[in-house]
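Remember, it's a predicted structure, so these values are computed and weren't measured experimentally. Just so you know, residue 1 is the first one in the sequence shown, and it goes up from there.
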Amino acid sequence: MGDVTVSPVRSRAQMKSFIECEYTLAGEHDSWIPPLRSERRRLLSRRRNPFLSFGEIQLYIAQRGKDVVGRIAAIDNPRHNRYHGGHEGFFGLFACVDDEDVTCALFDAVDMWLAERGMTSMLGPVAFSTNYECGLLVDGFDSPPTILMPWNPSTVPTLLERIGFKPAQDLLAFEWPCPSEQPKVLTRVAAMATHRGITVRPVDVFDFEAEVGRLRNLYNRAWQHNWGFVPLTEEEFRDLALQLLPVVRPELTLVAEIAGDAVGFCLTLPDVNPAILATKRRRQRWGLPFGPARIMHAARTARRGRLMILGVVQEYQNSGALAVLAAETDKVLRHLGYESIEIAWVLQSNKPALRALRASGCEQTKKYRIYQRDVGFPPV
C-alpha cells in the first residue's frame, strides 16, 4: 500500500480527524449536504447512540503522511445475525480519495476486525443498520439528495467493485410531482376502504411516549419480512423519534386505524436539504451555522418532501389501508402547497410496491446499492 497507513481511532484527536474527513473530502462537491457536526458526534457516542449499547463498531482513518485521506467504520450488529441467522458484518461511514490503494487499505482493516469476530461476509454501506442511513448512490448524481438520504461521488461505486464488492440489494427512489387534483383511481380505492371502517388520524405529539410505542410496534410488524430488516429496540425507536421531532409535521405523519386499533402509518418529512445547500458556501466563509432553529424554520417553509415510511401490518395489507394513507397524505401535501415528494427508499426486491409506483406515474430518479463481499477476499 506504499505510504498509506491505517489506524484505529483511539483518541479524541483521531475522532476529530475521522469526523472532519467527511467535510474535507466532500466539501468541494456541489451536491453534498453537510450534516451537523453535533449529529455526527452523537452518532458515534456510546453514551448517546442506543445502537452502541448492543452493537460494536471500530473506526479507522487512513493517512498519507499527516494528511487524512480516508475513513471507514467496521460494524458488528449481533441483533442482525440473531434475526437472520448468519455471520454478516458491515461497513459504513466510508469516505476516501479516489485511490485504490487507500480503499484497499481501509477495507483490509475492516476485514481483519470482522474476521476476528467470526464474520464470513460484509455488507454496506450502512450507519449502522438498514434502519438508518444506508446505501451507496450508483445512479442519479445530477441532483442533491433529499433529507436523510446519502450522497457520494460517482467514483466510489467503481472503487468498491474493483476490490471485489458485488451488489446485494438496490434501494430505489421515485419522484411524485404533486398534482393539482388527486388521481381518481386513488380517490376511489381510498373511498372504498373508508367505507369498510378504515380511518386516518395525524400523530398525537402531545401523547409522545404512547404514540412512539404504537408506531414502533407498527414499524417492526410491517417491515419484519423485508430484506435486511432488524426490529428496532424501544431505545432506538425513541431516539429516532426525538431526532426527527424538529422537522416532523404532525399532519404529514398519519396513522391508519380499524376499530380503534392502529394498523399502519405514513411519514413524510419536509425536505430541508435545499435550504442547507443554498447556504453551504456562504456558511463556510462567514455565515452563521445551519443549526436546529434554522432547520425547524426550513421544515415549515419547505415545498418538497420525502415520503420516508408507508406501511401496514401484514394481516391488513389487503384492506385498503395503504390507499387511505396515500390519499390523505396527497391531500395534505396539496393543502400545504408542496410541489413534489421523493418516495425513498423502496427495495428492488419489493416487486408489488414497484409495480404500484410505476403504474401511478412515479418516475425512478435515483438508485442506491448495498454491496457485499466475503470476509478475507484476496486483495486485487
Side-chain angles (χ1 to χ4, degrees), residues 1-19 21-22 40 43-64 68-96 99-136 156 159-169 228-231 233 236 370-380:
M1 298 303 170
D3 55 350
V4 180
T5 60
V6 173
S7 306
V9 172
R10 304 291 190 200
S11 67
R12 288 186 179 182
Q14 288 174 316
M15 179 65 80
K16 183 178 179 180
S17 295
F18 184 93
I19 292 172
C21 176
E22 177 179 17
R40 282 304 193 224
L43 176 70
L44 300 172
S45 169
R46 294 190 179 277
R47 182 175 59 85
R48 299 175 62 194
N49 185 348
F51 174 87
L52 297 179
S53 67
F54 60 84
E56 288 291 329
I57 64 170
Q58 177 59 62
L59 308 179
Y60 294 95
I61 53 174
Q63 293 177 275
R64 273 204 172 104
V68 176
V69 291
R71 72 173 197 186
I72 200 166
I75 304 156
D76 178 7
N77 184 353
R79 297 187 74 246
H80 171 91
N81 286 316
R82 284 197 297 269
Y83 193 77
H84 293 281
H87 300 278
E88 295 175 330
F90 296 86
F91 72 90
L93 302 179
F94 174 66
C96 182
D99 187 302
E100 193 169 329
D101 284 347
V102 178
T103 305
C104 284
L106 285 166
F107 278 97
D108 283 351
V110 174
D111 240 22
M112 291 178 62
W113 191 86
L114 293 177
E116 290 171 357
R117 284 154 180 78
M119 304 303 163
T120 57
S121 66
M122 74 168 85
L123 291 156
V126 300
F128 295 116
S129 80
T130 58
N131 293 309
Y132 305 93
E133 186 178 293
C134 61
L136 193 73
V156 179
L159 277 175
L160 295 195
E161 289 161 11
R162 282 179 185 166
I163 62 170
F165 279 94
K166 305 294 183 185
Q169 182 73 241
F229 176 75
V230 179
T233 66
E236 283 183 289
I370 303 289
Y371 281 93
Q372 185 170 20
R373 192 182 83 171
D374 290 343
V375 168
F377 185 90
V380 294

Qualifying residue, where the test is ring-ring contact (aromatic ring centres under 6.0 Å, His included) with His80 and the options are Phe128, Phe90, Phe51, Phe54: Phe90
Contact summary for Val6 and Ala109, nearest pair of heavy atoms: CG1-CB, 3.9 Å
Residue list, side-chain contact (heavy atoms from CB on, under 4.5 Å) with Arg82, at least two apart or on another chain: Pro78, Arg79
Point-to-point distance, once rounded to the nearest 0.5 Å, from OH of Tyr60 to OG1 of Thr5: 13.5 Å
Heavy-atom side-chain proximity of Leu93 to Arg71 below 4.5 angstrom: yes
Qualifying residues under side-chain contact (heavy atoms from CB on, under 4.5 Å), relative to Thr120, sequence neighbours excluded: His87
Heavy-atom check, side chain of Ile57 versus side chain of Leu44, under 4.5 Å: yes
Atom pair CE (Met122) and CG (Asp76), whose distance is rounded to the nearest 0.5 Å: 12.5 Å
Centroid-centroid under 6.0 Å between Tyr371 and Phe94 rings: no
Side chains of Ser129 and Asn77 in contact at under 4.5 Å (non-hydrogen atoms): yes
Interatomic distance, Cys104 atom SG to Arg162 atom CZ [nearest 0.5 angstrom]: 10.0 Å
Donor-acceptor under 3.5 Å (Asp111 side chain, Gly376 main chain): yes
For Arg10, side-chain contact (heavy atoms from CB on, under 4.5 Å) partners two or more places apart: Pro8, Gln14, Gln58
Closest non-hydrogen atom pair, Val9 against Met15: CG1-N, 3.6 Å
Atom pair CD1 (Ile61) and SG (Cys21), whose distance is rounded to the nearest 0.5 Å: 8.5 Å
Check: Asn49 side chain, Leu43 main-chain N or O, donor-acceptor pair, under 3.5 Å: yes
Any Trp113 side-chain heavy atom under 4.5 Å of Met119 side chain: no
Student check: side-chain heavy atoms of Thr130 and Gln169 closer than 4.5 Å: no
Side-chain heavy-atom pair Glu161, Arg373 within 4.5 angstrom cut-off: no
Approximate separation, where rounding is to 0.5 Å, of Leu114 CG and Asp374 CG: 12.0 Å
Minimum heavy-atom distance between Ile370 and Cys134, given as atom pair plus value: CD1-CB, 4.1 Å
Check: Glu88 main-chain N/O paired with Asn81 side-chain donor or acceptor under 3.5 Å: yes
pair Val4-Arg64: side-chain heavy atoms closer than 4.5 Å: yes
Candidate list Val102, Val110, Asp108, Thr103, test side chain to side chain contact (heavy atoms under 4.5 Å, CB included), partner Leu106, passing option: Val102
Heavy-atom side-chain contact between Phe107 and Leu160 under 4.5 Å: yes
Closest non-hydrogen atom pair between Ser7 and Gln63, with its separation: OG-OE1, 4.4 Å
